[in-house]
Chemist: 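Quick one: the structure is below, and I'll ask about it shortly.
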Amino acid sequence: MDCIFCKIANGVIKTDFLYEDDKVVAFKDINPVAPAHVLIVPKKHIESALLIEGEDFNLIGHVFKVAQKLAKELGISEDGFRIVNNCNRAGGQTVMHIHFHLLGGRDMQWPPG
Ligand code: AMP
Ligand code: ZN
């Protein structure tokens with residue numbers, strides 16, 4: 001399957017991981033929009049948040065556990081951070097392999113663009 005995040009998560013495209021276990025990887029976004037901008041990506045190819053089902057809901061819970069750990073390590077946990085999932089076209093999803101943006105290091109705006 002021609003999916004860039006599958007290739008990154010499975011080591012076909014060499015990437016420095018901030019975190020890796022058997023279920024997820026985390027790496028810096030290539031086009032950061034905040035001082036800290038990390039993508040947390042399940043190794044399993046799930047296209048979008050709309051297509052999470054069954055056991056995969058546990059996997060998404062695990063993503064949030066990893067986000068907690070990374071936020072602490074990146075020093076953004078106390079000030080605060082944002083976890084974003086863009087779903088489908090109007091949600092701004094450009095890579096059709098589910099991923100979560102961990103953003104921090106600056107004050108976030110609300111509402112988002
Ligand atoms: P989204 O718009 O939510 O689908 O987010 C996709 C994100 O992936 C964007 O923030 C891109 O900058 C990022 N991205 C795309 N290709 C790469 C890559 N090869 N390495 C790191 N980040 C990437
Ligand atoms: Zn994929």
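We use all heavy atoms of the structure for the numbers below, so side chains are in, but hydrogens, waters and symmetry mates are not. One-based numbering along the sequence shown. Numbering of ligands and ligand atoms starts at 1, following listing order.
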Chemist: Quick one: closest heavy-atom pair of Met96 and His45, and the distance?
Modeler: O-CE1, 3.4 Å
Chemist: Give me the nearest non-hydrogen protein atom to atom 11 (C) of ligand 1 as residue plus atom name, then the distance to 0.1 Å.
Modeler: Asp29 OD1, 3.4 Å
Chemist: Are the side chain of Asp56 and the backbone N or O of Ile52 linked by a donor-acceptor pair below 3.5 Å?
Modeler: no
Chemist: Please give me the minimum heavy-atom distance between Gly105 and Pro35, naming the atom from each residue.
Modeler: O-CG, 3.3 Å
Chemist: Considering both backbone and side-chain atoms of Phe27, is one of its nitrogen or oxygen atoms within less than 3.5 Å of a nitrogen or oxygen in ligand 1?
Modeler: no
Chemist: Only heavy atoms of Asn86, strictly under 4.0 Å: list the atoms of ligand 1 that pass.
Modeler: 1 (P), 2 (O), 3 (O)
Chemist: Which atoms of ligand 1 sit under 4.0 Å from any heavy atom of Thr94?
Modeler: 1 (P), 2 (O), 4 (O), 5 (O), 6 (C)
Chemist: With the side chain counted from C-beta on, respond yes when Ile8 and Phe17 share a heavy-atom pair under 4.5 Å apart, and no when they do not.
Modeler: yes
Chemist: Any heavy-atom pair between the side chains of Leu102 and Ile76 that's under 4.5 Å?
Modeler: yes
Chemist: Among all protein heavy atoms in this structure, tell me which lies nearest to atom 21 (C) of ligand 1, with the distance rounded to 0.1 Å.
Modeler: Ile30 N, 3.3 Å
Chemist: Under 4.0 Å from a heavy atom of Ile4: give me the atoms of ligand 1 that qualify, with their elements.
Modeler: 19 (N)
Chemist: Look at atom CG of Asp107 and say whether more than 12 heavy atoms of other residues, nucleotides or ligands are closer to it than 6.0 Å.
Modeler: no
Chemist: Which bit of Ile8 is near ligand 1, meaning a heavy atom under 4.0 Å away: side chain, backbone, both or neither?
Modeler: side chain
Chemist: For Val25 and Glu20, which heavy atoms make the closest approach, and how far apart are they?
Modeler: CG1-CG, 3.8 Å
Chemist: Using a 4.0 Å heavy-atom cut-off, say whether Phe5 meets ligand 1 through its side chain, its backbone, both or neither.
Modeler: side chain
Chemist: Show which atoms of ligand 1 fall inside a sub-4.0 Å distance from at least one heavy-atom site of Asn31.
Modeler: 12 (O)
Chemist: So does Glu47 get a backbone contact from the side chain of Gln93, meaning a donor-acceptor N/O pair under 3.5 Å?
Modeler: yes
Chemist: Check each heavy atom of Leu39 against ligand 1 and say whether those closer than 4.0 Å belong to the side chain, the backbone, both or neither.
Modeler: side chain
Chemist: Do the two ring centres, one from His101 and one from His99, sit under 6.0 Å apart?
Modeler: yes
Chemist: Counting each atom of ligand 1 from 1 as listed, which ones have a heavy atom of Gln93 under 4.0 Å away?
Modeler: 4 (O)
Chemist: Side chain of Lys43, backbone of Asp21: donor and acceptor closer than 3.5 Å?
Modeler: yes
Chemist: Taking all heavy atoms of Pro42 and all of Val63, pick out the closest pair and write down the distance.
Modeler: CG-CG2, 4.2 Å
Chemist: I need the protein N, O or S atoms closer than 2.8 Å to the Zn ion (ligand 2), given as residue plus atom name.
Modeler: Cys3 SG, Cys6 SG, His45 ND1, His97 ND1
Chemist: Show me which atoms of ligand 1 lie under 4.0 Å from any heavy atom of Lys28.
Modeler: 21 (C)
Chemist: Can you sort out which atoms of ligand 1 are near His101, meaning under 4.0 Å from one of its heavy atoms?
Modeler: 1 (P), 3 (O), 5 (O), 7 (C), 10 (O)
Chemist: With respect to His99, determine whether any N or O atom, backbone or side chain, lies less than 3.5 Å from an N or O atom of ligand 1.
Modeler: yes
Chemist: Taking the side chain as everything from C-beta on, heavy atoms only, tell me whether Phe81 gets closer than 4.5 Å to Leu74.
Modeler: no
Chemist: Do Val41 and Phe27 have side chains that approach each other closer than 4.5 Å (heavy atoms only, starting at C-beta)?
Modeler: yes
